[in-house]
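Only heavy atoms go into these numbers, but all of them, side chains included; no hydrogens, no water, no symmetry mates. Each residue takes its place number in the sequence, starting with 1. Remember, it's 1-based here, ligands and their atoms both numbered in the order they're listed.
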Amino acid sequence: MSDAPTALPRVLSGIQPTADSFHFGNYLGATRQWVALQEEFEPFFFIADLHALTMEHDPKKLADRTRVAAAQLIAMGIDPERSAVFAQSHVPEHAELAWVMSSLTGFGEARRMTQFKDKTAKGGEGAASVALFNYPILQAADILLYRPQYVPVGEDQRQHLELTRDLAQRFNHRFKKTFRLPEAYILKETAKITDLQQPDKKMSKSASSPGGIIELLEDPKVSAKKIRSAVTDSETEVRFDEEAKPGVSNLLTIYSALTGRSIDDLEKAYAGRGYGDFKGDLADVVVEFVTPFRARTLELLDDRAELDAVLKSGAGRAREVASRTLADVYERVGFLPAQG
Ligand code: ATP
Ligand code: LTN
């Protein structure tokens, strides 16, 4: 590996610009860990706009959503001086390495990905794009280019991380040791935030109903109302039990993550008080969190030139690393060196 031995280990992750706002699942499951990890690692965080093409998309919205995603990351605490924040499409090495990795991926192996199965369940495989099929291969390339130690994501991405490790191992074995085997960094407590209306399903921008998802940029009054109307159960006891009480458990998870109070402590504090008080207090906690976040994001969006400069500088830093890895790969698979 060509990295200097004194260099900090790297952390890398990505998020798709497929909605007008991130939601609480994205934040608590993934991006909050990005913020925490940037201190002790060399951090690379990107907006996965190439991945956004795997489902039908609106080209008029994509560029704006990419900027909004970058603004939200910064508003949440990603420091662009420390972290390389960039758009995936600005670093062409991602698509280039994906092609090479696709040559090492079995058709059956790609077809077994549960996300592919889920996303084609409704319309059938025939209606899906080849890009959707290739999605995890591109994700593997995203990761392997930077040789990171950790990839902070939610539980739903575990299988893609396993595929990434398999492909890295296969390449290292078939050619020469080139890639570091990355580890998924998944925080158990918040790995799967669930839908407020269907607490057995994950909160998701594509599958949740408006009442089931809390978007970080929606009107905080709306978020408060959604918390107060979250589905619970016919008991009255605030107790963490994912099997028997998935709705209450999810609210406890959110409450604990936002305040730093333990679940135990919260259970005690609400003993004998019923769901009304509990939800009302959580609604206040949520409003307190999203109000300044939203204001900061809107402020950052007011200065587009500055955001674009952050993305440009991030892409420059990313390319320095990505181009070195890709050059190693091209040499090892036997490509004739490009002239000049
Ligand atoms: P989609 O519904 O289209 O699959 P999504 O809502 O899952 O989208 P992504 O952009 O795919 O959002 O996810 C970005 C990051 O947020 C990933 O690391 C993912 O694992 C994490 N994440 C998404 N939803 C949740 C959730 N409900 N709980 C925990 N983590 C989540
Ligand atoms: N598939 C991820 C987004 C993503 C990603 C990555 C995450 C694309 N490339 C590389 C980590 C590392 C998702 O959140 N749905």
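Under 4.0 Å from ligand 2, the heavy atoms of Ile143 that appear belong solely to its side chain. Contacts of Asp156 with ligand 2, taken as heavy-atom pairs under 4.0 Å, are absent altogether.
Near Ile15, meaning under 4.0 Å from one of its heavy atoms, ligand 1 places the atoms 10 (O), 14 (C). Within ligand 2, counting atoms from 1 as listed, the ones closer than 4.0 Å to a heavy atom of His51 are 8 (C), 9 (N). Shown in contact with Val151 at under 4.0 Å from a heavy atom are these atoms of ligand 2, numbered in order with element: 11 (C), 12 (C). Which parts of ligand 1 touch Thr190 is read off a 4.0 Å heavy-atom cut-off, strictly below it: atoms 29 (C). Heavy-atom proximity to Asp142, at under 4.0 Å, picks out these atoms of ligand 2: 6 (C), 8 (C), 9 (N), 10 (C). Those atoms of ligand 1 that come under 4.0 Å of a heavy atom in Gly29, given as number and element, are 29 (C), 30 (N). Close approach of ligand 1 to Ala191 (heavy-atom distance below 4.0 Å) involves ligand atoms 28 (N), 29 (C), 30 (N).
For Asp195, the heavy-atom gap to ligand 1 stays at 4.0 angstrom or more. Residue contacts with ligand 1 include His23, since one of its heavy atoms falls under 4.0 Å from the ligand.
Here Lys226 pairs with Glu218 in a salt bridge; the nearest charged N to carboxylate O distance falls below 4.0 Å. A salt bridge does not link Glu155 with Lys192: none of the charged nitrogens is closer than 4.0 Å to a carboxylate oxygen.
The single protein non-hydrogen atom nearest to atom 30 (N) of ligand 1 is Gly25 O, 3.1 Å, given as residue, atom name and distance. At the shortest separation from atom 1 (N) of ligand 2 among protein heavy atoms lies Tyr135 OH, 2.6 Å.
Relative ring orientation between Phe335 and Tyr330 is described as perpendicular, the plane-to-plane angle rising above 60° on a 0-90° scale split at 30° and 60°.
A donor-acceptor pair under 3.5 Å is absent between the side-chain atoms of Arg239 and the main chain of Glu267, judged by distance alone.
The heavy atom nearest to atom 7 (O) of ligand 1, out of those in Lys205, Gln157, Lys202, is found in Lys202.
The residue from Phe41, Trp34, Phe44 that alone fulfils the ring-ring contact (aromatic ring centres under 6.0 Å, His included) condition with Tyr150 is Phe41.
Tyr27 and Phe289 have their aromatic ring centers within a separation under 6.0 angstrom.
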